[in-house]
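Side chains are part of it too, since the values below use all heavy atoms of this structure and drop only hydrogens, waters and symmetry mates.
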Amino acid sequence: MSKSIFLVGGGKGGVGKSLLSMTVVDYLDGTGAGPFLVETDTSVPDVYKTYKDAVGGELVNLDEREGWIDLVNLVESKPENTIVINTGARNQTGISNFGRTLGKALPQLKRKLVVFWLIDRKRESLELLADFTEALPEAEMHVVRNMYLGTEKKFELYNGSKMKTTVENSGGSSLNFPELADRVTDAMNKGRLTIAKASSELSLGDRMELERWREECRAMLTEAIRE
């Protein structure tokens, strides 16, 4: 089996997809997995602008059928790279309509599709997750509770749902994405800093907070990523 494709989704804006995509790229880069970023939020490609020089990247529009064809061709052209896809909130319709293009190509690509799906505490998150799993049933699904939005026990809808049982019985997991202080994320966004660069350039206190968070993220991803 070749290297995996990691897709970070959530179907909604503001759930933390960009930061989680950066975290996955940072983790894979640290393990020598050779991450390559595919940015599908083409209107606000912040993650792409931050990481394109560090690990390489490309913009792909997944709102259209042609974009999914381009995605499959891009993955095929990068056999030595682990692919990380950062999706935009508006991509949900494109995933539902055209996601089968990627799903059907996985056997020939000889790649596994691993999804980190961020949720908030609202019912819509679970409905969007259900839509995604229907569109791409081949995916290994990991549901990620963003601790910035509240402690684990506050995600009551997901914690007591059939979806949680289905995910975990299918080989996926329920993960907690650690909270990072706003001042650190603000500094990273303002300077368009990668996580690695921020860990050497921010002020000492901010670096210590970043390293605390980075270690917790590594522990979270180590549980789910089996490259």
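Distance check: T87 OG1 to E39 CD gives 9.0 Å after rounding to the nearest 0.5 Å. For the atom pair K197 NZ and I195 CD1, the distance stands at 14.0 Å (nearest 0.5 Å). In this structure, SG in C217 is found 8.5 Å from CG in D26, a value given to the nearest 0.5 Å. Note: L118 CG to F177 CZ = 7.0 Å, rounded to the nearest 0.5 Å. Residue E124 holds its CD atom at 12.5 Å from CG of L157, rounded to the nearest 0.5 Å. Atom CG of N176 sits about 9.5 Å away from atom CG of N146, to the nearest 0.5 Å.
Evaluated for a side chain to side chain donor-acceptor pair (under 3.5 Å) with N159, the options E152, K154, R145 yield exactly one hit, R145. For the salt bridge (Lys or Arg N to Asp or Glu O under 4.0 Å) with E138, the qualifying choice from K112, K104, R100 is R100, the only one to do so.
In this structure, the side chains of L175 and F116 come closer than 4.5 Å at one or more pairs of heavy atoms. Between K190 and D186, the closest side-chain pair of non-hydrogen atoms is not below 4.5 Å. For the pair S21/Y51, no side-chain contact is recorded, criterion being any heavy-atom separation below 4.5 Å from C-beta on. A heavy-atom distance below 4.5 Å is found between the side chains of E201 and L193. Between T23 and W213, the closest side-chain pair of non-hydrogen atoms falls below 4.5 Å. By the 4.5 Å heavy-atom criterion applied to side chains, S174 and K164 are counted as neighbours. The shortest distance between side-chain heavy atoms of L59 and P45 falls below 4.5 Å. When side chains are defined from C-beta on, V24 counts as touching L221, because their heavy atoms get closer than 4.5 Å.
Checked by atom type and distance alone, the side chain of R111 never pairs as donor or acceptor with a backbone atom of I5 at under 3.5 Å. A donor-acceptor pair is defined here as one N or O able to donate and one able to accept, closer than 3.5 Å; such a pair exists between the side chain of N189 and the backbone of T185. When atom types are taken as modelled, the side chain of H142 and the backbone of G172 share no donor-acceptor pair closer than 3.5 angstrom. Judged by distance alone, with hydrogens and angles left aside, the side-chain atoms of N81 form no donor-acceptor pair with the main-chain N or O of I83 at under 3.5 Å. When atom types are taken as modelled, the side chain of E64 and the backbone of E66 share no donor-acceptor pair closer than 3.5 angstrom. Within the 3.5 Å criterion, the main-chain N or O of N86 finds a donor-acceptor partner in the side chain of T40. Judged by distance alone, with hydrogens and angles left aside, the side-chain atoms of T82 form a donor-acceptor pair with the main-chain N or O of A33 at under 3.5 Å. Judged by distance alone, with hydrogens and angles left aside, the side-chain atoms of K17 form no donor-acceptor pair with the main-chain N or O of G10 at under 3.5 Å.
The pair R123-E127 does not count as a salt bridge, with every side-chain nitrogen at least 4.0 angstrom from each carboxylate oxygen. Electrostatic pairing of R218 and E215 does not count as a salt bridge here, judged by no charged N lying under 4.0 Å from a carboxylate O.
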I'd like to know whether L28 forms a side chain to side chain contact (heavy atoms under 4.5 Å, CB included) with V55, so could you lay out the CA-CA distance, the side-chain angles of the two residues, the decisive distance to 0.1 Å, and finally the verdict.
CA-CA 10 Å; L28 293 171; V55 301; over 6 Å; no
Taking it one step at a time, do S199 and R214 satisfy side chain to side chain contact (heavy atoms under 4.5 Å, CB included)?
CA-CA 9 Å; S199 69; R214 200 179 187 191; 3.5 Å; yes
Check the pair D41, S43 against side-chain hydrogen bond (donor to acceptor under 3.5 Å, both in side chains), reporting the backbone distance first and the verdict last.
CA-CA 6 Å; D41 190 355; S43 60; 3.3 Å; yes
Verdict with reasoning, F6 to I85, per side chain to side chain contact (heavy atoms under 4.5 Å, CB included):
CA-CA 6 Å; F6 293 96; I85 304 172; over 6 Å; no
Decide yes or no on side chain to side chain contact (heavy atoms under 4.5 Å, CB included) for V25 and F36, but give the supporting numbers first.
CA-CA 8 Å; V25 170; F36 182 88; over 6 Å; no
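Within a 6.0 Å radius of CZ in R65, other residues, nucleotides and ligands contribute 12 heavy atoms or fewer. More than 12 heavy atoms of other residues, nucleotides or ligands sit less than 6.0 Å from atom CD of E168.
Considering all non-hydrogen atoms of both residues, G99 and L136 come closest at O-CD2, 3.2 Å. When all heavy atoms of M188 and A198 are compared, the closest pair comes out as CG-CB, 3.7 Å. Between P178 and M220, the shortest heavy-atom contact is CD-SD, 4.3 Å. When every heavy atom of A187 is checked against every heavy atom of L202, the shortest pair comes out as CB-CD2, 3.8 Å. Between P107 and G103, the closest heavy-atom pair is CD-O, 3.8 Å.
There is no path of hydrophobic side-chain contacts, each under 4.5 Å, that joins L71 to I69. When the side chains of ILVMFWY residues are joined at heavy-atom separations under 4.5 Å, either directly or via intervening members, L113 and V72 end up in a single hydrophobic cluster.
Under 3.5 Å, the side chains of Y48 and T42 contain no donor-acceptor pair of N or O atoms. Of the N and O atoms on the side chains of D131 and S96, not one donor lies less than 3.5 Å from an acceptor on the other residue.
Classification of the W117-F132 ring pair by plane angle, with boundaries at 30° and 60°, yields tilted.
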